[in-house]
Asks: 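What follows is a structure written as structure tokens; I'll ask about it next.
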Protein chains: 2
Amino acid sequence: MKQNKLFFNVGIKNTKQRNLVYDILHQSSQPITAEEIFLKYQELDEAISLSTIYRILDLFSTKGLIIKTYINENTKACFIINHHDHKHYLICKNCKKVVEIDGCPFTTYEKELEEKTSFTIQGHKLELFGLCGGCKDSLL
Amino acid sequence: MKQNKLFFNVGIKNTKQRNLVYDILHQSSQPITAEEIFLKYQELDEAISLSTIYRILDLFSTKGLIIKTYINENTKACFIINHHDHKHYLICKNCKKVVEIDGCPFTTYEKELEEKTSFTIQGHKLELFGLCGGCKDSLL
DNA sequence: ATGCAAATGCAAACTATTCGCATGTGATTA
DNA sequence: TAATCACATGCGAATAGTTTGCATTTGCAT
Ligand SMILES: [Mn+2]
Ligand SMILES: [Mn+2]
Ligand SMILES: [Zn+2]
Ligand SMILES: [Zn+2]
């Protein structure tokens with residue numbers, strides 16, 4: 001099997017399953033669930049065990065290749081390629097569309113808060129929700 | 001049983017279980033899970049079925065008496081009394097302490113975003129995480 | 001090519017939550 | 001106060017998402 005630079009760099013083995021799961025995540029513009037990956041995998045006429053997908057997603061997460069997130073008050077975990085840029089999402093409550101927001105509205109706020117609370121702030125999660133342009137119109 | 005004004009107002013029956021679950025939520029300063037409620041209920045030498053707790057929490061949520069939230073990237077749902085004020089939380093990654101932040105850093109930001117994205121924004125969820133004062137010290 | 005640690009597949013376990021159904025209870029009415 | 005009845009509860013079973021144990025297979029260093 002052709003060496004995978006990405007996997008080699010983080011010190012994990014190169015397998016057919018990992019390559020394909022990575023490709024699927026890479027081609028997805030939105031966060032996707034383990035089961036969605038499973039289904040896309042099958043569409044490519046390949047077989048994989050769902051537990052292998054979970055193990056791969058876990059590994060990718062700890063190696064920092066992907067981000068695990070619970071979007072949309074959901075019970076299912078979602079995964080997305082880690083582009084190493086800080087992103088937030090806008091989620092349509094009606095059609096569940098997820099739109100990336102660029103930029104982050106916090107710059108000074110976290111500093112203020114650190115002083116007020118004596119916490120050291122390491123990160124945050126911001127999710128905005130509402131109705132997208134399309135749904136707004138169709139719900140008239 | 002003494003009439004419960006709060007329950008009467010939202011048109012639901014007054015039961016021992018509902019009263020006690022409400023009290024437990026009311027006395028908790030932090031969001032708590034169904035199971036935590038179950039355990040506190042038992043500490044009061046009362047018995048209840050866990051499924052009844054889930055049904056009560058569901059009812060309280062739809063009646064607007066409480067808020068269901070998935071805090072801390074957690075797989076379990078948490079519940080807290082609805083004080084009808086907009087709150088955010090600061091969560092310690094080490095000890096899991098949850099601290100309320102007063103105020104909300106967004107005022108103009110949502111408007112800007114509506115223009116940029118054509119979404120109608122109806123709400124948002126912001127969670128900040130880091131280390132609390134105590135944990136910062138003890139992790140030296 | 002060989003050996004071995006690590007990855008996979010499968011089934012079973014697990015956790016949080018929901019549901020069906022028999023029984024019990026609170027609110028309304030007489 | 002007693003009768004009524006819709007609705008609340010308890011119990012166990014079902015479900016959804018995820019994890020784990022173990023036998024088998026595979027990638028990679030030698
Ligand atoms: Mn941000
Ligand atoms: Mn806010
Ligand atoms: Zn939409
Ligand atoms: Zn702490």
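Just so it is clear: chains get the letters A, B, ... in the order the sequence lines come, proteins before strands, and each one is counted from 1. What's counted below: heavy atoms across the whole structure, side chains too, no hydrogens, waters or symmetry copies.
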Asks: Could you check whether A:Ile12 gets within reach of a base, just the sugar-phosphate, or nothing at all, counting any heavy atom under 4.0 Å?
Replies: nothing
Asks: C:dT18 P sits how many Å from B:Leu59 CG, rounded?
Replies: 13 Å
Asks: In whole angstrom, give the distance that lies between atom CG of B:Leu20 and atom P of D:dT9.
Replies: 12 Å
Asks: Do you know the tightest heavy-atom contact between B:Phe60 and B:Val21?
Replies: CE1-CG1, 4.2 Å
Asks: Determine the contact category for A:Thr33: base if any of its heavy atoms lies under 4.0 Å from a base atom, sugar-phosphate if only primed atoms, P, OP1 or OP2 are that close, otherwise nothing.
Replies: nothing
Asks: Could you pick out which residue, B:Cys78 or A:Ile48, lies toward the 5' side of DNA chain C when each is mapped onto its nearest nucleotide?
Replies: A:Ile48
Asks: Begin from the C-alpha positions of A:Lys40 and A:Leu44 and carry the test side-chain contact (heavy atoms from CB on, under 4.5 Å) through to its verdict.
Replies: CA-CA 7 Å; A:Lys40 291 213 171 150; A:Leu44 304 170; 5.7 Å; no
Asks: Round to the nearest Å and state the distance from B:Asn4 atom CG to C:dT25 atom C1'.
Replies: 16 Å
Asks: Tell me the interatomic distance from B:Phe60, atom CZ, to D:dA8, atom P, rounded to whole angstroms.
Replies: 11 Å
Asks: For a quick test of reading the model: is some side-chain N or O of A:Gln3 closer than 4.0 Å to OP1 or OP2 of D:dG27?
Replies: no
Asks: Thinking salt bridges, do B:Lys116 and B:Glu114 make one under a 4.0 Å N-O criterion?
Replies: no
Asks: Quick check, are the ring centers of B:His88 and B:His124 under 6.0 angstrom apart?
Replies: yes
Asks: Would you say A:Ser51 reaches C:dG9's phosphate, i.e. side-chain N/O to OP1/OP2 under 4.0 Å?
Replies: no
Asks: Between B:Lys13 and B:Leu50, just flag the one whose closest nucleotide in DNA chain C comes earlier from the 5' side.
Replies: B:Leu50
Asks: Rounding to an integer number of Å, can you tell me how far B:Phe7 CZ sits from C:dA27 P?
Replies: 11 Å
Asks: Determine: side-chain N/O of A:Arg18 to OP1/OP2 of C:dA7, distance under 4.0 Å, yes or no.
Replies: yes
Asks: Would you tabulate the pairs of protein nitrogen or oxygen atoms and nucleotide nitrogen or oxygen atoms of nucleotides 14-17 of chain D closer than 3.5 angstrom?
Replies:
{"residue": "D:dG17", "atom": "OP1", "partner": "A:Lys76", "partner atom": "NZ", "Å": "3.2"}

Asks: Nearest 0.5 Å, please: how far is NZ in B:Lys136 from OG in A:Ser118?
Replies: 5.5 Å
Asks: Please figure out whether B:Gly11 or A:Thr15 has its closest DNA chain D nucleotide nearer the 5' end.
Replies: B:Gly11
Asks: Name the closest nucleotide to the B:Met1 side chain, picking from C:dT8, C:dG26, D:dG10.
Replies: C:dG26
Asks: How close or far is atom C1' of C:dT28 from atom CZ of B:Phe8, stated in whole angstroms?
Replies: 12 Å
Asks: To the nearest 0.5 Å, how far apart are CD in A:Gln30 and CD in A:Glu36?
Replies: 9.0 Å
Asks: For a quick test of reading the model, state the closest non-hydrogen atom pair linking A:Asn14 to A:Gln3 and the distance between them.
Replies: ND2-CA, 3.9 Å
Asks: Nearest whole Å is fine: how far is C:dT8 C1' from A:Asn14 CG?
Replies: 15 Å
Asks: For the side chain of A:Gln17, counting heavy atoms from C-beta on, which of C:dG20, C:dT8, D:dT18 is nearest?
Replies: C:dT8
Asks: Quick one: is A:Thr52 getting a side-chain N or O under 4.0 Å of the C:dG9 phosphate, OP1 or OP2?
Replies: yes
Asks: Report the relative orientation of the aromatic rings in B:Tyr22 and B:Phe7; use parallel for angles under 30°, tilted for 30 to 60°, perpendicular for over 60°.
Replies: perpendicular
Asks: May I have the distance from A:Ile53 (atom CD1) to C:dT8 (atom C1'), rounded to whole angstrom?
Replies: 12 Å
Asks: For C:dC14, what is the paired nucleotide under Watson-Crick or G-U wobble rules, both distances under 3.5 Å?
Replies: D:dG17
